[in-house]
> 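Dropping a structure here in structure tokens format, bear with me for questions.
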Amino acid sequence: MKSFSYVAVSDVEDAVRAIAAEPNAKFLGGGTNLVDLMRENVERPDVLVDITRLPLNGIEELPDSGIRIGALVRNSELAAHPVIRTRYPMLSQAILHGASAQLRNMATVGGNLMQRTRCLYFYDSASPCNKREQGSGCTAIGGFTRGHAILGASEHCIATHPSDMAVALVALDAVVEVRSEHGTRRIPLADFHRLPGSTPHIETELAPDELITAVEVPGVPVAAMSRYRKVRDRASYAFALVSVAAAMEVRDGRVSAVRLALGGVAPKPWRAHEAEEALLGAPATEESFGRAADAALASAVGQGDNDFKIDLARRTLVATLRRLLTEGSAA
Amino acid sequence: MGLTPSTASSVISLHINGEKHQLCVDHRTSLLDVLRENVGLTGTKKGCDQGACGACTVLLDGVRINSCLALAVQYDDREITTIEGVDHPLQEAFVRHDGFQCGYCTPGQICSAIGMLAEHKGGAPSAATEHLSESDGELSDAEIRERMSGNLCRCGAYNGIVAAIGEVAR
């Protein structure tokens, strides 16, 4: 690991001033991903600005029955919050299906959004990687691709975004609030992570001098009827091969409201708008669920080792909707 | 600390097992390495050093974390409990139920289980929880396995570990 300077800040103004003053500074939250990447020499900051003492650890209910989550709320605390468990059970489940209890106790909400891909070639500094070193090439393409993307990839990068939490958040139309010396702005989570295109090293819309201060989730009545399902190589403590966040309300046998998103399959948390459109107003049947899943995966492309994910995602989406229909919400 | 970044090292205080230690740490040093190398508390083990095995689990203000991914400088003035500071019925339960073979993962398993029992008592759900709105379910074997999934045991003493924790929990 490269040597670095360290500063702990106690208010947001100081934090954004400190990051603006140092071209190669990084914010340090729980450190669960950043410290690991520094040890691998993938991240090489000159300065770490420790933000864990900032007063950004509140969870507040909003007038529209939504919720405002401070960027430094720990993953475990968010998952256990009574409002999340009853109003947005798929968000609670998504968080609880990620990492381990120890890591969830350390990791922050803002850090979860900023975590980087677990593509093995990105971690291996001996392998060319367009994300790690712009223009150096992609070793994953034509390599071992079992964990890689089937949606939204490019000829420059096929890495997936590893978050579970963000999959549920994108289905809920969450908004990310960010702050710099120039003020505050709000970015819909759906636009926060970028597709790789020809610039896979630029992963988010966050500018280098901006700090995530909060995530807001609007009131989404259908979210009370939701579940998160994750398929992985072992029963717990592994990244998703495929995951599904699903919320569905059925009235008189027809789908009257629906939210769907996929994880483990794309470079960003993947909102399945086409599947939602296919399902809205349709009879709540196995056939409709299948058509929705086909719509969600219509543009999917396998890389060889991960071809199985296309059918797996399809079946997982159908199974999640079936379980919502027969057993109801995870709340 | 002021706004000017301190260079490669800093002086910090750690309260470890009730005792205050003032240390000068290189910023790169993990809490795990400080415990083992600077303070001489070698009960906490280094397994993977990347947050994947749980051997380094300690309690930070009573909450379980992976000390290998914790930069020590971040934990100035905090309370750390390591296996050397633990006196808990789980320890004898592990012996009774053969909750280990080589013992390398055991300090992490025990610190993790102490943190886990507190989380469960506080009403925290897990991925194995059937209904999220009901918080006071019994700690079934399935719940224990899920909640302890961050601690690997390569000897495969899992059945004994689950039995030991179950006995103390129920």
Side-chain angles (χ1 to χ4, degrees), chain A residues 1-10 14 17-18 21-22 25 28 30-36 38-40 46-50 52 74 76-77 79-80 82 84-86 89 92-107 228 230 234-238 327 329-331, chain B residues 1-10 25-30 48-54 56-60 63-71 73-76 108 111-112 115-116 119 122-135 142 145-152:
Chain A
M1 193 188 296
K2 198 181 79 170
S3 188
F4 58 89
S5 305
Y6 169 91
V7 58
V9 289
S10 53
D14 283 347
R17 205 176 308 137
E22 294 286 344
L28 174 65
T32 55
N33 190 211
L34 180 57
V35 171
D36 193 31
M38 286 167 65
R39 215 170 262 154
E40 298 292 334
D46 289 324
V47 181
L48 285 187
V49 179
D50 182 353
T52 52
R74 305 289 165 165
S76 48
E77 194 191 336
I84 305 298
R85 286 157 70 171
T86 50
S92 200
Q93 276 193 316
I95 296 166
L96 293 169
H97 280 77
S100 68
Q102 289 96 315
L103 292 167
R104 294 191 295 270
N105 283 339
M106 301 171 80
Y228 186 77
K230 181 173 180 177
R234 58 185 183 191
S236 182
Y237 200 12
E327 293 178 44
S329 165
Chain B
M1 271 173 255
L3 248 188
T4 315
S6 50
T7 48
S9 61
S10 294
V25 295
D26 184 304
H27 295 152
R28 294 170 287 188
T29 316
S30 66
C48 67
D49 211 24
Q50 54 178 11
C53 79
C56 68
T57 304
V58 298
L59 298 164
L60 169 73
V63 174
R64 55 179 168 162
I65 64 162
N66 296 119
S67 62
C68 73
L69 290 180
L71 292 175
V73 66
Q74 232 189 334
Y75 296 90
D76 186 25
C111 287
S112 183
M116 184 274 283
E119 289 162 13
S126 84
T129 306
E130 249 343 271
H131 298 289
L132 289 171
S133 52
E134 299 161 17
S135 60
R145 285 179 189 279
E146 166 59 28
R147 289 169 191 262
M148 292 295 294
S149 71
N151 292 83
L152 305 193

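Heavy-atom basis, side chains included; hydrogens, waters and symmetry copies ignored. Values in this document were obtained by computation on a predicted structure and should not be read as measured data. We name chains A, B, ... by the order of the sequence lines, and we start the count at 1 in each one.
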> So for A:Ile95, is it side chain, backbone, both, or neither that comes closer than 4.5 Å to the heavy atoms of chain B?
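Neither part.
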
> Contact part of A:Thr86 toward chain B, heavy-atom cut-off under 4.5 Å: side chain, backbone, both or neither?
side chain

> Heavy atoms, side chains only, cut-off 4.5 Å: are A:Arg85 and B:Ser133 in contact?
no

> With a 4.5 Å cut-off on heavy-atom pairs, point out which of B:Ala52, B:Gly54, B:Ala128 contacts chain A the most.
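Heavy-atom pairs under 4.5 Å are most numerous for B:Ala52.
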
> Side-chain contact, heavy-atom cut-off 4.5 Å: A:Tyr6 with B:Val25?
no

> If we define contacts as heavy-atom pairs under 4.5 Å, which of B:Asn66, B:Val63, B:Asp26 has the most with chain A?
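Among B:Asn66, B:Val63, B:Asp26, the one with the most close pairs to chain A is B:Asn66.
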
> Of the backbone (N, CA, C, O) and the side chain (C-beta and beyond), which part of A:Asp36 lies under 4.5 Å from a heavy atom of chain B, both, or neither?
both

> Between A:Met106, A:Arg104, A:Met38, A:Lys2, which shows the greatest number of heavy-atom pairs under 4.5 Å with chain B?
A:Met106

> Show the nearest heavy-atom pair for residues B:Glu119 and A:Asn105, with the distance to one decimal.
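Nearest heavy atoms, B:Glu119 then A:Asn105: OE2-ND2, 3.0 Å.
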
> Going by heavy atoms in the side chains, are B:Cys56 and A:Gln102 under 4.5 Å from each other?
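Of all side-chain heavy-atom pairs linking A:Gln102 with B:Cys56, none is under 4.5 Å.
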
> Nearest 0.5 Å, what's the OH-CG distance between A:Tyr237 and B:Leu152?
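Those atoms lie 6.5 Å apart.
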
> Do you know which of A:Glu77, A:His97, A:Lys230 has the most heavy-atom pairs with chain B at a distance under 4.5 angstrom?
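Among A:Glu77, A:His97, A:Lys230, the one with the most close pairs to chain B is A:His97.
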
> Between B:Ala8, B:Pro125, B:Cys68, which shows the greatest number of heavy-atom pairs under 4.5 Å with chain A?
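Top option by heavy-atom pairs under 4.5 Å: B:Pro125.
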
> Can you tell me how far OH of B:Tyr75 sits from OG1 of A:Thr52, rounded to the nearest 0.5 angstrom?
7.0 Å

> Output the distance between atom NE2 (B:His27) and atom OG (A:Ser3), rounded to the nearest 0.5 Å.
8.0 Å

> What I'd like to find out is whether the side chain of B:Leu69 reaches to under 4.5 Å of the side chain of A:Leu103, using heavy atoms alone.
yes

> Nearest 0.5 Å please: distance from the OG atom of B:Ser30 over to the CE atom of A:Met1.
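Nearest 0.5 Å value for the OG-CE distance: 8.0 Å.
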
> Atom OG of A:Ser76 and atom CZ of B:Arg64: how far apart are they, to the nearest 0.5 Å?
9.5 Å

> Counting only N and O atoms by type, is there a donor-acceptor contact under 3.5 Å from the side chain of B:Arg28 to the main-chain atoms of A:Arg39?
no

> Please classify the contact between B:Ser126 and chain A as side chain, backbone, both or neither, with a heavy-atom cut-off of under 4.5 Å.
backbone

> For B:Val73 and A:Asp50, what are the C-alpha separation, side-chain angles and deciding distance, and is it a side chain to side chain contact (heavy atoms under 4.5 Å, CB included)?
CA-CA 10 Å; B:Val73 66; A:Asp50 182 353; over 6 Å; no

> Relative to chain B, which of A:Gly31, A:Pro82, A:Ala101, A:Ser10 shows the most heavy atom pairs under 4.5 Å?
A:Ala101

> Atom CG in B:Leu132, atom CG in A:Leu96: separation rounded to 0.5 Å?
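Nearest 0.5 Å value for the CG-CG distance: 7.0 Å.
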
